[in-house]
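All chains are named by letter (A, B, ...) in the order of the sequence lines, taking the proteins before the strands, and each is independently numbered beginning at 1. Being a predicted model, the structure only gives us computed values, none of them experimental.
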Number of protein chains: 2
Amino acid sequence: MANTSPAIEDYLKTIHAHTEWQPEPITPSVLATRLAVAPSSVTEMVKKLAAQGLVTHQPYGAIRLTDAGLSRALGVVRRHRLVETWLVSDMGYGWDAVHDEAEVLEHAISDRLLEAIDAHLGRPARDPHGDPIPQADGSIVSVPTVLLSEAPAGHAGTVVRISDRDPQLLRRLAACGIRPGVLVTLSGDTLDGPDGTAVELDADGREAIWLTT
Amino acid sequence: MANTSPAIEDYLKTIHAHTEWQPEPITPSVLATRLAVAPSSVTEMVKKLAAQGLVTHQPYGAIRLTDAGLSRALGVVRRHRLVETWLVSDMGYGWDAVHDEAEVLEHAISDRLLEAIDAHLGRPARDPHGDPIPQADGSIVSVPTVLLSEAPAGHAGTVVRISDRDPQLLRRLAACGIRPGVLVTLSGDTLDGPDGTAVELDADGREAIWLTT
DNA sequence: GCTCGGATTTAGGGATACCGAAATACCCGC
DNA sequence: GCGGGTATTTCGGTATCCCTAAATCCGAGC
C-alpha cells in the first residue's frame with residue numbers, strides 16, 4: 001500500500017498547508033480552488049485518499065489528514081523546501097523564483113538524492129522564505145511568531161516567515177530588502193525596514209508575513 | 001504542437017540511443033524491450049509520434065526520427081547527461097549510480113534550471129561515462145573512437161566512453177579503475193589498465209567500451 | 001419550520017498510456 | 001512459390017486523473 005503519485009502528493013501537501021498556520025480543516029471547494037481542479041475531481045480523489053487511510057472524510061464533512069497522511073504530507077513539504085533551499089544556495093535562484101521549479105522537482109527526487117542535498121546544505125532548519133523544513137524523522141523546529149495582521153501597532157520583530165503563495169508580493173518585498181532575518185517595525189499599514197525602507201501592505205500582504213513575538 | 005510528456009521523451013530518447021552508435025534503424029520489438037513495454041504499446045505510441053511529425057513510420061516498417069524528433073531527443077539526452085554530471089560533481093554520486101536518478105530528473109527540470117546547472121558545471125562536453133553532452137544549440141563535440149569488440153588485438157588507447165546500460169559492469173570497471181580518460185590495452189578478452197590491473201570482458205562487455213583510435 | 005442558494009456529490013465521459021489476446025503481414029527456407 | 005513462424009498491428013479493456021452537467025444536501029435567513 002505504498003501507493004503514491006504526484007497527484008496524491010499534491011492533495012496531501014495542499015491539505016496540510018491549509019492547517020499549517022491555522023486550525024480550521026479545509027473544505028472541498030477550497031481544496032479545489034488551491035489545486036485548480038473541479039470540485040468533482042476533489043470528491044473523487046478524497047474518496048481514494050480516505051480508502052488508503054490518508055485522510056478522514058464523511059460525505060459533506062470536512063477533510064482531515066490522518067497520522068499516516070500527515071507523515072506523507074510532511075515528506076512532500078520536506079522535499080519542496082529542501083529543493084527551494086538548494087535552488088537558492090547553489091543555483092543562483094532568487095528566493096522569489098523557486099516555487100514553481102520546486103513544485104515539479106519535489107515529485108521527482110529519490111530519498112537518496114534528498115539525503116545528499118540535505119547533507120550538502122548542512123541540514124538547514126528553514127527554507128529561503130523562513131518556512132520550517134521538516135526533518136527526516138518528521139520533527140519540526142519551530143519559533144514563536146505573530147502574523148502581521150494580528151500584531152499590535154508599533155510591533156517590532158525579526159521577519160521569520162513570508163508566505164510563498166504570491167510571487168509578485170515576494171518580488172516587491174525582495175526589492176525593499178524585506179526577507180527572513182531582517183528586523184522590521186509595523187506602523188499602521190506600513191512595514192518599516194532597515195535604512196529607512198518601507199512597504200505599504202494591503203490586507204493580503206499583512207496575512208503573508210510573520211514576525212518574532 | 002509543443003506536446004510532450006515523459007512517455008514521449010522516453011520513446012524519442014530510446015529511438016535516438018539506438019542509432020547514436022550504429023546506423024540500423026530500430027524495430028518496434030527492440031524498442032518495446034528497451035522500454036519494458038508490450039509491443040502493442042509501441043505500435044500505439046509510434047502512431048502518435050508519427051502524427052506529431054517526430055518520427056517516420058510505415059506499418060511494418062522501421063522507425064526513424066525526423067529532424068524535429070532528433071532535436072527533441074537531443075534535448076532529452078542533454079538533460080540526462082547534464083543531470084548525471086551534476087550528481088557526480090556536486091552530490092557525491094558514484095558515476096556507476098547516477099543513471100536511474102537521471103532517468104527521472106531529466107523529465108522534471110525546467111530550461112532555466114538546466115541552463116543554471118550547465119553554467120554551474122562550466123558547460124561540460126562529456127558526462128561521467130564519457131558520453132558527449134549535446135550543446136544547447138544541438139551541436140555535439142565528437143572524438144573518433146573504436147568499439148572494443150571491433151578493435152584489433154593489442155590495440156592501446158584512452159577510454160572515451162562506457163555504456164551506462166549495465167550498472168553491474170560499471171561497478172566492476174569502477175573497482176578496477178577503468179573509467180573515461182584512462183589509458184588501456186586490449187589483449188584478447190582482457191583489458192589491461194594502469195598499474196597491472198586487468199579485467200576480463202565477455203561479448204557484452206566488449207560492446208560497451210569505446211577507445212580512442 | 002421552510003425555502004433557496006451555494007457547496008458537494010453523482011453520473012457520464014475524455015485523454016493518456018498501459019496490457020493481453022487475436023488477427024494479420026512479412027519473409028526465410030525449402 | 002508456399003508454408004509457417006515471428007514481428008507487428010488491431011481490438012477490447014484497465015487504471016489514473018481530469019472534466020461538465022445534473023442531482024442532492026445543508027444551513028442561513030426569513
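- Side chain of B:T19 to backbone of B:H16: a donor-acceptor contact under 3.5 angstrom is found.
- Between A:L49 atom CG and A:Y11 atom OH the span is 8.0 Å, to the nearest 0.5 Å.
- Within the nucleic acid shown, B:A38 comes within 4.0 Å of sugar-phosphate atoms alone, with no base atom in reach, counting heavy atoms only.
- Between the CG atom in A:L105 and the CG atom in A:D100 there is a gap of 11.0 Å [rounded to 0.5 Å].
- For the pair A:Y60 OH and D:dG27 C1', the computed distance is 13 Å after rounding to whole Å.
- Within the nucleic acid shown, B:P28 comes within 4.0 Å of sugar-phosphate atoms alone, with no base atom in reach, counting heavy atoms only.
- Side-chain atoms of B:D90 and B:H120 form a donor-acceptor pair, as typed in the model, at a separation below 3.5 Å.
- Here the P atom of nucleotide C:dT9 and the CG atom of A:L49 are 13 Å apart, to the nearest Å.
- Remark: P of D:dC19 and CG of A:L35 are 10 Å apart, rounded to the nearest angstrom.
- Counting any heavy atom pair closer than 4.0 Å across all strands shown, A:P59 reaches sugar-phosphate atoms only and no base atom.
- Ring-centre distance between B:H99 and B:H129: not below the 6.0 Å cut-off.
- Put simply, CG on B:L31 is 11 Å from P on D:dT9, counting in whole angstrom units.
- Listed here is the closest heavy atom pair of B:L201 and B:R206: O-NH1, 2.8 Å.
- At a cut-off of 3.5 angstrom, counting only N and O atoms as typed in the model, there is a donor on one side and an acceptor on the other between the side-chain of A:S40 and the base of D:dT20.
- Separating the NE2 atom of A:H57 from the P atom of C:dA7 is a distance of 15 Å, rounded to the nearest angstrom.
- Between B:H107 and B:D10, the side chains place a donor N or O and an acceptor N or O closer than 3.5 Å (distance only, hydrogens not considered).
- Using a 4.0 Å cutoff on non-hydrogen atoms, the parts of residues 41-48 of chain A near DNA chain D are A:S41, A:E44, A:M45, A:K48, ordered by number.
- The phosphate of C:dT8 has OP1 or OP2 within less than 4.0 Å of a side-chain N or O from A:S29.
- A:S110 and B:E101 form a side-chain donor-acceptor contact under 3.5 Å, judged by distance and modelled atom types alone.
- For residues 5-16 of chain A, proximity to DNA chain C is found at no residue, defined as any non-hydrogen atom under 4.0 angstrom from a strand atom.
- Note on B:A36: only backbone sugar-phosphate atoms sit closer than 4.0 angstrom, heavy atoms only; bases stay farther off.
- Looking at A:R81 and A:E106, no side-chain N of the basic residue comes within less than 4.0 Å of a carboxylate O on the acidic one, giving no salt bridge.
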